[in-house]
Protein chains: 2
Amino acid sequence: MNQPGESLRDRKKRRTRAALERATVRLAAERGYDHVTVEEIAAEADVSVRTFFNYFASKDEALIGADPEAGPRMAERILAFPDTVTPFEAYRSSVLAEITDELNNARDLWLLRKDVLMQRPDLLVRAFANSAESEQLLSDAVGRRAGLPESHAYPRLLVAAGSAAFRCAVTRWARDDSVALGELVTEALDLFGTGLAHTPRRHEGGS
Amino acid sequence: MNQPGESLRDRKKRRTRAALERATVRLAAERGYDHVTVEEIAAEADVSVRTFFNYFASKDEALIGADPEAGPRMAERILAFPDTVTPFEAYRSSVLAEITDELNNARDLWLLRKDVLMQRPDLLVRAFANSAESEQLLSDAVGRRAGLPESHAYPRLLVAAGSAAFRCAVTRWARDDSVALGELVTEALDLFGTGLAHTPRRHEGGS
DNA sequence: TGCAAAGTTGCAGTGACTGCAAAACGATCC
DNA sequence: GGATCGTTTTGCAGTCACTGCAACTTTGCA
């Protein structure tokens, strides 16, 4: 009694998770992140508080809606590129693919999140704290592609740069969303790619 | 009855703050971060729990011992460099100066912190979340030196790169402290400087 | 239909953190 | 050497995020 891959159980779980994420973002945008309790969020999503914590390890995580499959998915993408593509390009493409996917599926949520993150920029930083294993996965993938030993700084730095690029892009996007978020991430990653040592001129990049 | 600059009150405050930081790091290293309560930390430092929270906004902050003056100090250093120095170099030097100072004053604390951070890497990330205003200060300074408009990505990215470099350096240092932390930060910042687009060869940098 | 596995819930408990008002303390002026 | 004023410390009561556990319900499968 099972569609290949998605049982009734799985569907319900996905729906509950989405409902919790939605409720968190909606309420936080409406009244401010710390004027919303987990109790209220759970009520809004029609589940118990305990269930909330079965889905998300923390309120923070629910706000960002960190997808636990995003890490593995990106790592796979990185490794799937042919060897002619540089590790940097592979990583960059994976990040962008993930972001555009995400925005296509949940643009409305991001528009609300923006409001919350504008008032509490620290939440965006904290969000990345919870994804330590994902970072590990990604930097391992980059390391393998680059043929570098575990101890080398490059893979970790590249992944950390990706987080930083995303963070900065969201921050800028929150100020002015007339440019697509994907564009801003691209721009940021390009700067990391060409190196920060040379100062950009006034007219390059986000004016 | 006052030495220029430092009254008895000021001295006591500095001592209490230091004692709380010390107690937090020592106990966390000893029994693991989340097997230590703020109550125990306060007891160890001989103050009330309420006083702990007068000094640090959170347990996390006490573990890292974020110096509230570090941001302004670095911003000042950045602006103090002559115009012949690039913004990148100015920033880089300021970061390194701060780190070497810190290590000279509290090397023992960092050796203990290392143990804690090895088991809970997320704490290092979270630590940077609390320093949003410092980041703002620094990126403003960089922006002014570079003559770029507020909205430009470069200053924010450079500062974010600095955080990332520091994080990665500490992580690597935690695995193997036979190299000075300052060296590792330098190496990481160099990679950011020259750009991540070109893949490093096997022998460059951390082997 | 009936059993096993997975998911949900309530409950009791811990511990971080806050606001408030009183007490202790240090600086200052006479 | 007080009287006084601003600062810091403290206790207390309260809120809320988060956890482990032990029922209970739902779904998957034979």
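Chain naming here is simple, since letters A, B, ... match the order of the sequence lines and numbering starts at 1 in each.
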### Summary
Separation of C:dA16 atom P from B:L27 atom CG, nearest Å, is 12 Å
#### Entry: Whole-Å distance separating the CG atom of B:L8 from the C1' atom of D:dT8
12 Å
### Query
Think A:Y55 has a side-chain N or O under 4.0 angstrom from the OP1 or OP2 of C:dT8?
yes
### Query
Between atom CD1 of A:I41 and atom CG of A:L63, what is the distance when rounded to the nearest 0.5 Å?
8.5 Å
### Message
Measuring from the side chain of B:S48 (C-beta onward, heavy atoms only), which nucleotide among D:dA17, D:dT10, C:dT8 has the closest atom?
### Response
D:dT10
### Message
Rounded to whole Å, please give me the gap between CZ in B:R17 and C1' in D:dT8.
### Response
15 Å
### Task
Mark yes or no for a side-chain to base donor-acceptor pair under 3.5 Å between B:R11 and C:dG26, with no hydrogen or angle criteria applied.
no
### Query
Nearest nucleotide by nearest heavy atom, which residue falls closer to the 5' end of DNA chain C, B:K12 or B:V38?
B:V38
### Whole-Å gap separating P (D:dT10) and CG (B:D46)
9 Å
### Task
Figure out the CD/P separation between A:E40 and D:dC16, and round it to whole Å.
8 Å
### Query
Salt bridge or not for A:R172 and A:E183, using N-O below 4.0 Å?
no
### Query
Can you tell which of B:T24, B:L20, B:I64 makes a side-chain contact (heavy atoms from CB on, under 4.5 Å) with B:F56?
B:L20
### Query
Hey, what do you get for NZ (B:K13) to OH (B:Y55), rounding to the nearest 0.5 Å?
6.0 Å
### Query
Expressed in angstrom and rounded to an integer, what is the separation of B:F52 atom CZ from C:dG19 atom C1'?
18 Å
#### Entry: Under-3.5 Å donor-acceptor pair between A:R50 side chain and C:dG7 base
no
#### Entry: Whole angstrom value for the distance that separates P of C:dC17 from CD1 of B:I41
10 Å
### Summary
Quick note, A:F53 side chain, CB onward, closest among D:dA17, C:dT9, C:dA16 is D:dA17
### Query
Rounded to the nearest 0.5 Å, how far does CG of A:L109 lie from NZ of A:K114?
13.5 Å
## Note on the structure
Winner on side-chain proximity to B:T37, out of D:dT10, C:dA16, D:dG28, is C:dA16
### Query
Looking for any heavy atom pair under 4.0 Å, which part of the strands does A:V47 touch: base, sugar-phosphate only, or nothing?
sugar-phosphate
### Message
Rounded to whole Å, please give me the gap between CG in B:D34 and C1' in D:dG20.
### Response
15 Å
### Query
Can you find a side chain N or O atom of B:K13 that sits less than 4.0 Å from OP1 or OP2 on D:dT8?
yes
### Of the listed nucleotides C:dC11, D:dT8, C:dA6, the one nearest the side chain of A:R9
C:dA6
